[in-house]
Amino acid sequence: MIVSWNTTNACNMYCDHCYRDAGVKAEEELSTEEGKALLDEIAKAGFKIMIFSGGEPFMRDDIIELVAYSRSLGLRPVFGTNGTLIKAEVARQLKEAGAMGVGISLGSEKA
């Protein structure tokens, strides 16, 4: 079973194809501790694959911590991202935290 969590509304891009009105961080987004509590419930419900999405999930300062926590619960953390914020150091941290896959959306934007 798969669940997707839009971890933030914040995004560094404004893609025409995006189904979200993303851009600015929403006031009601979950804190790190609230996110961990959500992940606890997701694991208890029997989900196996945890998709971290957004907005842009890499806009969250705690995303690596949340990935590591989800992995410690036995979840398989993967991402839906635009990929622009994944640099070598972030990729290394993701691997160490237990991320198991990254889906990158490609789009062509109008100038």
Side-chain angles (χ1 to χ4, degrees):
M1 294 193 323
I2 299 172
V3 65
S4 181
W5 171 24
N6 290 328
T7 61
T8 183
N9 194 61
C11 190
N12 62 324
M13 303 198 60
Y14 300 93
C15 303
D16 288 339
H17 68 273
C18 186
Y19 66 92
R20 301 272 322 245
D21 185 20
V24 179
K25 180 180 175 182
E27 291 181 26
E28 69 276 0
E29 292 180 0
L30 299 181
S31 68
T32 303
E33 291 311 310
E34 291 168 331
K36 287 180 177 180
L38 174 65
L39 292 169
D40 287 336
E41 293 302 314
I42 288 168
K44 286 179 193 173
F47 289 94
K48 301 297 181 203
I49 298 175
M50 179 66 235
I51 302 171
F52 292 92
S53 191
E56 174 50 53
F58 292 104
M59 297 285 289
R60 282 190 70 119
D61 293 335
D62 60 355
I63 198 65
I64 302 298
E65 181 179 352
L66 292 169
V67 168
Y69 188 75
S70 70
R71 191 69 190 122
S72 76
L73 297 173
L75 295 167
R76 297 174 55 97
V78 299
F79 281 88
T81 175
N82 63 39
T84 62
L85 300 176
I86 303 174
K87 308 299 183 216
E89 178 62 16
V90 172
R92 184 190 61 73
Q93 291 173 346
L94 285 171
K95 181 179 179 182
E96 289 175 0
M100 304 186 88
V102 177
I104 297 176
S105 294
L106 300 177
S108 58
E109 299 308 313
K110 299 175 187 174

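FYI, side chains are in, hydrogens and waters are out, and symmetry mates aren't considered; it's all heavy atoms of this structure.
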**Q.** Over 12 non-hydrogen atoms of neighbours within 6.0 angstrom of CZ in R71
**A.**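 Enclosed: over 12 neighbouring heavy atoms sit under 6.0 Å from CZ of R71.
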Q.
So, taking the atom named CZ in R60 and the one named OG1 in T32, what distance separates them when rounded to the nearest 0.5 Å?
A.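 Rounded to the nearest 0.5 Å, the CZ-OG1 separation comes to 6.0 Å.
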Q: Enter the distance from L85:CG to I63:CD1 here, rounded to the nearest 0.5 Å.
A: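 Between atom CG of L85 and atom CD1 of I63 there are 11.5 Å.
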Do the side chains of [Y] and [X] get nearer than 4.5 Å, heavy atoms only?
X   : Y    : value
N82 : S105 : no
L66 : W5   : yes
F58 : L94  : yes

Q.
Looking only at side-chain N and O atoms, does T8 offer a donor or acceptor that is under 3.5 Å from a partner on E56?
A.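 There is no such pair (donor and acceptor under 3.5 Å, judged by atom type) between the side chains of E56 and T8.
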If every non-hydrogen atom of [X] is compared with every non-hydrogen atom of [Y], which pair is closest and at what distance?
X   : Y   : value
G98 : P77 : O-CG, 3.5 Å
I51 : G80 : CG2-N, 4.1 Å
K36 : Y69 : O-CE2, 3.5 Å
N6  : G54 : OD1-O, 3.3 Å

Under a single-linkage definition using a 4.5 Å side-chain heavy-atom cutoff for Ile, Leu, Val, Met, Phe, Trp and Tyr, are [X] and [Y] assigned to the same hydrophobic cluster?
X    : Y   : result
L75  : I2  : no
M100 : F47 : no
F52  : I49 : no

Q.
Just to verify, which of L39, L38, V78, V67 counts as forming a side chain to side chain contact (heavy atoms under 4.5 Å, CB included) with M50?
A.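 Running side chain to side chain contact (heavy atoms under 4.5 Å, CB included) over L39, L38, V78, V67 with M50 returns exactly one hit, L39.
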